[in-house]
Protein chains: 2
Amino acid sequence: MLPSQPNQALVDGLAVLQALAVSERPTGSREMGRMLGIEATRVNRLLRTLAHLGMARQTADRKYLPGPAMHVLSAQSLFGSGLVRSAMEPLARLNVYNLTVAMGVLWRDQVCYLYHATPGMSGADALGRVGLYPASRSGIGLSILASQTDEAIRDLYRGRPVDGFENVDALLVSLRETRERGWAYAMADEKTQTVSLGVAVGSPAYASVAFSGPITPEGTPLYVDTLQEAADAIERAATGGKDLANEPKRRRR
Amino acid sequence: MLPSQPNQALVDGLAVLQALAVSERPTGSREMGRMLGIEATRVNRLLRTLAHLGMARQTADRKYLPGPAMHVLSAQSLFGSGLVRSAMEPLARLNVYNLTVAMGVLWRDQVCYLYHATPGMSGADALGRVGLYPASRSGIGLSILASQTDEAIRDLYRGRPVDGFENVDALLVSLRETRERGWAYAMADEKTQTVSLGVAVGSPAYASVAFSGPITPEGTPLYVDTLQEAADAIERAATGGKDLANEPKRRRR
DNA sequence: GAAGCATGGTGCAATTATAGCACCAATTTG
DNA sequence: CAAATTGGTGCTATAATTGCACCATGCTTC
């Protein structure tokens, strides 16, 4: 996974881009440098490069904002790329159980929803209902986390609490069960007894589909089967029929 | 606009990222290198770096696809960032004239829609109806192009036809009028007499809002005023009250 | 199935682009 | 009006990148 010669400039540049994307207000180089732990001159040059590409633009006081090219990239990536496009149809077919249907990806220790349809909601409406949710409390999150190694999980949560679990070890136990079972179970809300069932898309997982609502143990097998079919359909459509290998064979000398 | 020390790695990396975003099927390093005119080894390392960041992922035959981090970035940028969020409310208020309401940004010589509401369509539905349209045939496109220099326009269209115009010079004449008038007029469809009126957001323009439909000369002033108000409102909300200067003063030694 | 070709990936040494200090010019704060 | 902070740039040591040559694998074509 780690490249032989990673391009640090690109790594930092994308970190700046991401920081820019989530910034609420115009941000200056030095401020962003402090946020990201990168030297200010470097940040300034990266920001200026991004501005030149249209990925950022500048206010009158020379601070930076996301630029038009960023919106183009986003729109193209989100709606033009395979995942969302090929997921729409399988996801729409899940809208038959009076449950919430969701698809999301993992971002750090959070789930980022790409599709989130409450019962009866149309597919078009379900797009763009974006939000972040702690991965450890979500069927989507747990099912994606389960495809990672214990070491990666420990790294991810090192130094911070695991929402919904006592500690990382408790999460790892749950992930081991998830791995064996092939699908994830999360109690999303104790009070309303809202349960979330997640099935990963792809292997290693890069996304996940889930039902959530007042799910009983009796209904679970049917729901899981349905989710699994949808996950397979999405994976097939998104990769153009070419499945991912479980572990792409590394080629080393 | 051109940085003193532009970061070429970031420029190429984002070119690769963009190419990846619009790729229909899994793409290999060499193929992408040929497409972008970048040496294959370099592309391979950029792709591997992107894969390490989760921006790309690999199929079993080691070709590359957009990765989960890309969808996160897109979702955050598109819905989390200022532009779309602050535009939703002003755009929804434009839905009173039985005309199509749109907002878009310029991408190369095309308009990329971020919002596209046919008469009566709800704001939520209007998001994500993304498509590309020749900039020279659209009120949005013309109004954004008008904020660029003649030289930039010539560069943009060098060696390719200008949709809807005889040649670049004819377009430049039209853009000069647009500049003086402060808003753009485009005959989007001769047969149905569909007209598109566009008003730029920001200065220099980074987006534009437009009405389109069977617009008569009598109605035009009212529509233009309404668009201008919306554009101002979006600009104010997106920049957090801090307006962009018409020309950010360059500071050179 | 051998031969040819194309592909993803890596090692290595030359070199080139970058890092960051010191500094400038604005702008804001006290 | 001084002090502090910020965006931005020049300059050079230096560290990161480039791209050739090459390997291993997979896919056609004989």
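Convention: sequence-line order gives letters A, B, ...; per-chain numbering from 1.
Regarding B:L46, its CG atom lies at a distance of 15 Å from the C1' atom of C:dG8, rounded to whole Å. B:H52 has its NE2 atom 13 Å from the P atom of C:dT10, to the nearest Å. Between the C1' atom of C:dA26 and the CD atom of A:Q58 lies a distance of 14 Å, rounded to the nearest Å. Rounded to whole angstrom, the span from the CD atom of A:E39 across to the P atom of D:dG7 amounts to 13 Å. Protein atom CG of A:L47 is 11 Å distant from nucleotide atom C1' of D:dG7, rounded to whole Å.
Proximity of A:N7 to the phosphate of D:dT17: a side-chain N or O atom is located under 4.0 Å from OP1 or OP2. In this model, the phosphate group of D:dG7 is not approached by any side-chain N or O of A:R48 to a distance below 4.0 Å at OP1 or OP2. For the pair B:R62 and C:dT7, the criterion of a side-chain N or O lying under 4.0 Å from OP1 or OP2 is not met. A close approach under 4.0 Å does not occur between any side-chain nitrogen or oxygen of A:N44 and OP1 or OP2 of D:dG7.
The B:K63 side chain lies nearest to C:dT7 when the options are D:dG8, C:dT10, C:dT7.
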For residues 32-39 of chain A, run the donor-acceptor check on the side chains, cut-off 3.5 Å, and write out each pair with its distance to 0.1 Å, sequence neighbours left out.
residue, atom, partner, partner atom, Å
A:E39, OE1, A:T41, N, 2.8
A:E39, OE1, A:T41, OG1, 3.3
A:E39, OE1, A:R42, N, 3.3
A:E39, OE2, A:T41, OG1, 3.4

ask   = Passes salt bridge (charged side-chain N to carboxylate O under 4.0 Å, His left out), A:D150 versus A:R179? Steps please.
value = CA-CA 12 Å; A:D150 286 9; A:R179 224 168 274 143; 3.6 Å; yes
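By the side-chain hydrogen bond (donor to acceptor under 3.5 Å, both in side chains) test, B:S29 pairs with B:N44, sequence neighbours left out. Scored by the salt bridge (Lys or Arg N to Asp or Glu O under 4.0 Å) test, A:R154 finds A:D169 as partners (sequence neighbours excluded). Not a single salt bridge (Lys or Arg N to Asp or Glu O under 4.0 Å) links B:R108 to another residue, sequence neighbours left out. Residues that satisfy the side-chain contact (heavy atoms from CB on, under 4.5 Å) test with A:T178, not counting sequence neighbours, are A:A146, A:S174, A:R181, A:A184. Every residue was checked against the side-chain hydrogen bond (donor to acceptor under 3.5 Å, both in side chains) condition with B:T27, not counting sequence neighbours, and none meets it. For A:E89, the salt bridge (Lys or Arg N to Asp or Glu O under 4.0 Å) partners two or more places apart in sequence, or in a different chain, are A:R93.
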Dump every N/O contact between nucleotides 12-16 of chain C and the protein below 3.5 Å, one line per pair.
residue, atom, partner, partner atom, Å
C:dC12, N4, A:Q5, NE2, 2.7

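Between A:Y64 and A:Q8, the one whose closest nucleotide on DNA chain D sits nearer the 5' end is A:Y64.
Counting non-hydrogen atoms under 4.0 angstrom, A:A9 reaches the backbone sugars and phosphates but no base.
Across residues 28-35 of chain B, B:G28, B:S29, B:R30, B:R34 each have a non-hydrogen atom less than 4.0 Å from an atom of DNA chain C (numbered order).
Nearest heavy atom pair, residue A:L142 against residue A:L175, reads O-CD2, 3.5 Å.
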